[in-house]
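What follows is one structure encoded as structure tokens, with my remarks underneath.
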Amino acid sequence: MAVRHPLELFPGCTVTLLLFNCVKNAAALRKRAMEGSIEGALINPAMIVDPFQILVAANKAVHLHKIGKMKTRTLYAEIIFSLSPNNNISDAFKKFGISDNDTAVLIVLVADREKTLNVEDVASQVEGQQVSLDELPQLTDTAKVKKMYKITPQEEKIGTLLDSIVCRMSTKDVL
Amino acid sequence: ALEERLSRRRTAQEARSLLRCRRAGILAPAVYFVDYVTNSIYLEDIVDSVTVQDHINSLQQSGDDTSLLTLAEKMGELLARMHDEDLIHGDLTTSNILLRPPTEKLDLVLIDFGLSFVSGLPEDKGVDLYVLEKAFLSIHPDTETMFKALLKTYAATSKKSGPVIKRLDEVRLRGRKRSMIG
């Protein structure tokens, strides 16, 4: 049920996505994530429209990590930050990270050749049901996403919501 | 180091222009990733697209003048919308405009914003059009009527077209572009 995607630009690097619903311990998970005791990025699935959005964020984060130019302190924090359309780090965590009373959590893990992932380790910490990534669209809050990324009505006519989101994520450093 | 800085600036400009287009509802490839180390931009691939250049050639071969005029009008409309956003392409040619499938829909996609910049000046917009005109008439023989139709639609679509067309006329008389482009 976990979906693994290789990053084309970083051979050997894979991104694993895990989706959980009916989560009861979001508060505890968030605390552990902040302490750095969870090896993964805990993301609010309501803000995600497609796994590609995560891949774009992960790609950018891995790139910046490799050249030592991350804006945050860890790779996983950087993935969350990369999802944001603006350059405010705490806002990114608030909007894209999980909140104490969230019942759905998307966990993103990144592994490369040197590091092997223990998916079970992370999954076992979640008090909830692991579900297929196919259920992601049901969890997406499209209105909230459009508001967050400030999608214009003209844009919606020429491309998908995903296209608009990805454009903003990838160009925010020059704005 | 200077090379690096210029490269980086152009990459940033290109990324910015692509986003500007998208926000305004102007078709341009989506930006997936900007690498400031190599100054490369990873873009959406407009699959099975054809350049306007190739399309004009095939329409001319089949003698389809009506379609050529409709295409010209669509181009005029597109450029008017772009200029109304104060976006100057900087390298307008018929090979920098794509038609995404199905071709008959005439969905025009602008590409190659490497020389683009933001400006509200009629001079810059006029020169932008002049560059296209020169490229158009030299690559596509017997298209004066077509380009006239393009400009007519441009003038009708853009709210700020008056001064732009005026400058275009002046630039033509000067015989060369005043801004250094390309």
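Naming convention: chains lettered A, B, ... in sequence-line order (proteins, then strands); numbering from 1 in each chain.
Using modelled atom types, one finds a donor on one side chain and an acceptor on the other under 3.5 Å when comparing A:Asn86 with A:Ser84. Counting only N and O atoms by type, the side chains of A:Thr152 and A:Glu155 include a donor and acceptor under 3.5 Å apart. Using modelled atom types and a 3.5 Å distance limit, the side chains of B:His83 and B:Asp128 yield a donor-acceptor pair. A donor-acceptor contact closer than 3.5 angstrom links the side chains of B:Thr93 and B:Ser95. Side-chain contact, B:Gln13 with B:Arg16: a donor N or O sits under 3.5 Å from an acceptor N or O. A donor-acceptor contact closer than 3.5 angstrom is absent between the side chains of A:Thr14 and A:His5. For the residue pair A:Arg32/A:Gln125, the side-chain donor-acceptor check at 3.5 Å is satisfied.
Your options are A:Lys150, A:Arg168, A:Lys157, A:Lys60, and the one with the most heavy-atom pairs under 4.5 Å with chain B is A:Arg168.
Interface remark: B:Arg100 contributes side-chain atoms only to the contact with chain A (heavy atom separation under 4.5 Å). Using a 4.5 Å cut-off between heavy atoms, A:Leu64 does not touch chain B at all. Of the atoms belonging to A:Val56, it is side-chain heavy atoms, and not backbone ones, that fall under 4.5 Å from chain B.
Contacts from residues 145-162 of chain B to chain A, taken as heavy-atom pairs separated by less than 4.5 Å, involve no residues at all. Within residues 25-56 of chain B, the residues approaching chain A closer than 4.5 Å by heavy atoms are, in numerical order, B:Gly25, B:Ile26, B:Leu27, B:Ala30, B:Val31, B:Tyr32, B:Phe33, B:Val34, B:Asp35, B:Tyr36, B:Val37, B:Tyr42.
Nearest heavy-atom pair, A:Asp102 versus A:Ile98, reported as atom, atom and distance to 0.1 Å: OD2-CA, 3.4 Å. Heavy atoms only, all atoms of each residue included: A:Lys94 and A:Ser99 are closest at O-OG, 4.5 Å. In plain terms, the two heavy atoms of A:Ala123 and A:Gln130 that are nearest each other are CB-OE1, 4.5 Å.
No more than 12 heavy atoms of other residues, nucleotides or ligands lie within 6.0 Å of CD in A:Gln129, so this atom counts as exposed by the packing criterion.
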